[in-house]
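Below, all heavy atoms of this structure are taken into account, side chains as well, without hydrogens, waters or symmetry copies. It should be emphasised that the depicted structure is a prediction, and the values quoted were computed from it without experimental measurement.
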Amino acid sequence: MSGFVGVHLSDPWLQSQFTQVELRTLKSRFISKKNEAGKVTVGDLPPIFAKLKAFSEMFNEDEIRAVMQESNTNLEDEIDFESFLRAFLNLQARATAKSGGSKSSFLKAATTTVQHAINVSEKSSYVAHINSYLAEDPFMKDFLPIDPSTNALFDLVKDGVLLCKLINVAVPGTIDDRAINTKRVLNPWERNENHTLCLNSAKAIGCTVVNIGTQDLVEARPHLVLGLISQIIKIQLLADLDLKKTPQLVELVDDSKDVEELMGLPPEKVLLKWMNFHLKKAGYEKEVTNFSSDVKSGEAYAYLLNALAPEHATPNTLDVKDPKKRANMVLEQAEKLDCKRYLTPNDIVEGSPNLNLAFVAQIFQHRNGLSVDSKKISFAEMMTDDTQTSREERCFRLWMNSLGIAHYVNHVFEDVRTGWVLLEVLDKIAPGSVNWKHATKPPIKMPFRKVENCNQVVKIGKELKFSLVNVAGNDIVQGNKKLILAFLWQLMRFTMLQLLKNLRSHSQGKEITDSDILNWANNKVKKAGRTSQMDSFKDKNLSNGIFFLELLSSVEPRVVNWSLVTKGETDEEKKLNATYIISVARKLGCSIFLLPEDIIEVNQKMILTLTASIMYWSLQQGGESETEGSPSAEGSVDGETLSNELGNLTMEGASTEESSQVENSEPSLNSNDKSTAEAGLPAVEKE
């Protein structure tokens, strides 16, 4: 699909800051100047930027020049396109700060690079949370408690340990503690490793961090740090608002159709639904639709707590006229339920949405007031997915959100049924492929509009050479899980292969295939003097994890601590190795969403994504010798050596038969589709 190739950058973070339209526009300006003068210098930027609509009303050339000189004193320095883009982002941040920005980001999925004012109340609340949950951590306890009135929080963040530990509090087991660098004094490389591990792990639990880089954490930029911490805490507090973890939530709805709708709601909406369920039973006549203006008076809280904890009920709370006094009484009542104070009476009265959300989530965790009706709970458990489907849904959901699409995906099977989310993903991975004039944005009332969206999804999939046998848009609208998972796997696989292909953008070599990835990995391990090899991505010997640890060590010798590696003979040893592999890969810079079980059980699709991610990271580091499989003395990602590495991967170490490509047995490959079978694509075949 050469027609869909957009502007690709070597830095994934930088790539995520721009749409393809913006990149093409900015590259056009850059190339125009380079063709005119033979090069582009820092001094050329002010007149170029001053003509852009984004800056023309905010700055004149002299003001832009002054901003440029803050980081580049020599205006004659030549710059490349990526430096040009970074200068643009720097000026954009100045423009946003000049015009004023939003104050908080707790309820927003994304954390942005826009300059934010720091909300002191929120900072104090997050510090209290950290002090409470990490107080007994063997490493962190020496640095706690943090004083919220100082900048100690931001100083502590700079080494990367705190955020990694906080992620493990939110979703236990996400990061293997053995992979965190916890020396008292870390060198820059070790510090950067921790931040890389943190950001890749944050993505793996559902945080949206497309606008944060490791340098932002090294510098501990306050608005970005607080934005990330708020997302991590939010994920922890809302973790139980899920039918799988709390099947009693089925009490909030009446029938199976409503259960499906409940499963598709984001956790914040489920929390509101739960709150209104109890308020209605308690006789509160208003509906709470937000965690701000609707709870300012404190009345809703008084009704809620009296209903959930009648033993601590204080009826006179509603008789108090002063909202702040009522808010204080509400908090005192909540403390009797062991709810931590995430907010002050002032935060309730002012309607702080972030802190009120945290407060209600705490009440839910300690006293949800739902029944234990075994029939209803059994019904809820029947509605949830099997383990394998659930694991794949999780992987694809996290991957889609990591792309930085506008709509945050809470539940794949519900959220894709309008087609819009899939169109957003397709536009990210194949820029220009979507005809937005023929797409309808949710909410969509007319069912045929959803079908139109999904028909376009299928059409684009076929143009991208996906195998979609007898599949129509209506299958996605109907929520066919089998077809949706198979389609999403092809999307993810296409993206991986395109990323690898784009690293050899200056060569005319062949397409990257699954066999190329397999052979690259085997050769890399062999050239490093190791003995393990993999026959295919479903080789059962991979379950002990040794091959991947050797592969990681071969691309970066310092990254694996072999004293922590087990033989992988027992189930427990395999689990230890698999957990360590995932954290080491993320620490290195791989953005992966698999679980330890995927390695232990040798899930071939997830094994392919892991191998491809390691290959992508390795090739990004610079030119590699085609025959040696080791870093060359010099070379760049776009260099001739790297192009040869990708274009002519040696077949040594695995024959064509041995390097069996990833196939998807469910749904089965259509035997008549020869080109698809050879490409190793899982076919989506309607039964």
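The shortest heavy-atom contact between Ser613 and Ile592 is OG-CG2, 3.4 Å. Annotation for Val457 and Gly419: closest pair CG2-O, 3.7 Å, computed over non-hydrogen atoms. The nearest pair of heavy atoms linking Ser553 to Trp562 is OG-NE1, 3.6 Å. In terms of heavy atoms, Ala179 sits closest to Ser583 at CB-CB, 3.6 Å. Counting all heavy atoms, side chain and backbone alike, Lys203 lies closest to Ser402 at CD-CB, 3.9 Å. Across every non-hydrogen atom of Leu228 and Ala202, the tightest pair is CD1-CB, 4.1 Å.
Judged by distance alone, with hydrogens and angles left aside, the side-chain atoms of Thr196 form a donor-acceptor pair with the main-chain N or O of Asn192 at under 3.5 Å. One N or O on the side chain of Asp598 and one on the backbone of Leu595 form a donor-acceptor pair closer than 3.5 Å. With hydrogens and angles ignored, the 3.5 Å screen pairs a side-chain donor or acceptor of Gln231 with a backbone N or O of Thr208. Side chain of Asn453 to backbone of Ala439: no donor-acceptor contact under 3.5 angstrom is found. A distance-only check finds a donor-acceptor pair linking the side chain of Asn200 to the backbone of Arg586 [under 3.5 Å]. Asn410 places no side-chain N or O within 3.5 Å of a backbone atom of Leu265 that could act as its donor or acceptor partner. Proximity of a side-chain donor or acceptor of Asn577 to a complementary backbone N or O of Lys574 within less than 3.5 Å is not detected. With Glu424 contributing its side chain and His407 its backbone, the two residues share a donor-acceptor pair below 3.5 Å. Between the Thr609 side chain and the Met606 main chain, a donor and an acceptor come within less than 3.5 Å of each other. Trp399 contributes no side-chain N or O that, together with a main-chain N or O of Met492, makes up a donor-acceptor pair within less than 3.5 Å.
Summarising the geometry, atom CG belonging to Asn544 is positioned 8.0 Å from atom CD1 belonging to Ile581; distances are rounded to the nearest 0.5 Å. Note that CD1 of Ile512 and CG of Leu499 are 11.0 Å apart. Values are rounded to the nearest 0.5 Å. In this structure, Cys198 SG and Leu217 CG are separated by 5.5 Å, a value rounded to the nearest 0.5 Å. Rounding to the nearest 0.5 angstrom, the gap separating the CG atom in Leu426 from the CD1 atom in Ile460 is 5.0 Å. Here Leu610 contributes atom CG and Ile517 contributes atom CD1; the two are 11.0 Å apart, rounded to the nearest 0.5 Å. The OG1 atom of Thr418 sits 8.0 Å away from atom CG of Leu423, with the distance rounded to the nearest 0.5 Å.
Looking only at side-chain heavy atoms (C-beta outward), Leu552 and Tyr580 stay at 4.5 Å or farther from each other. Within the 4.5 Å cutoff, the side chain of Val559 has heavy atoms near those of the Glu193 side chain. At least one side-chain heavy atom of Cys207 sits less than 4.5 Å from a side-chain heavy atom of Ile232. Within the 4.5 Å cutoff, no side-chain heavy atoms of Leu518 are placed close to those of Thr611. When side chains are defined from C-beta on, Met496 counts as touching Leu608, because their heavy atoms get closer than 4.5 Å. Side-chain contact between Phe548 and Val560 is absent, with no heavy atoms from C-beta onward closer than 4.5 Å. Within the 4.5 Å cutoff, no side-chain heavy atoms of Cys395 are placed close to those of Leu594. The side-chain heavy atoms of Ile546 and Val565, taken from C-beta on, include a pair separated by under 4.5 Å.
Side chains of Ser536 and Asp539: a donor-acceptor N/O pair is absent below 3.5 angstrom, by distance only. No side-chain donor-acceptor contact under 3.5 Å links Gln456 and His438. Defined by atom type and a distance below 3.5 Å, a donor-acceptor pair is missing between the side-chain atoms of Thr579 and Asp176.
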_Trace of the side-chain contact (heavy atoms from CB on, under 4.5 Å) decision for Glu597 with Lys575_ = CA-CA 8 Å; Glu597 290 78 10; Lys575 181 74 177 284; 4.0 Å; yes
*Start with the C-alpha distance between Ser554 and Arg530, add both sets of side-chain angles, then the distance that settles side-chain contact (heavy atoms from CB on, under 4.5 Å), and finish with yes or no.*
CA-CA 9 Å; Ser554 70; Arg530 302 285 182 173; 6.0 Å; no
*asked:* Test side-chain contact (heavy atoms from CB on, under 4.5 Å) on Gln490 and Leu468; report intermediate values, then the result.
replied: CA-CA 10 Å; Gln490 293 190 77; Leu468 301 167; 4.2 Å; yes
_Steps toward side-chain contact (heavy atoms from CB on, under 4.5 Å) verdict (Met534, Asn522)_ = CA-CA 7 Å; Met534 64 171 163; Asn522 279 330; 3.9 Å; yes
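The pair Arg391-Glu601 meets the salt-bridge criterion, since a charged nitrogen lies less than 4.0 angstrom from a carboxylate oxygen.
A perpendicular orientation is assigned to the rings of Phe466 and Phe487, their planes being inclined by more than 60° (bins at 30° and 60°).
Residues passing the salt bridge (charged side-chain N to carboxylate O under 4.0 Å, His left out) test with Arg397, sequence neighbours excluded: Glu393. Legend: residues meeting salt bridge (charged side-chain N to carboxylate O under 4.0 Å, His left out) with Lys459, ordered by chain and number and at least two apart, are Glu463.
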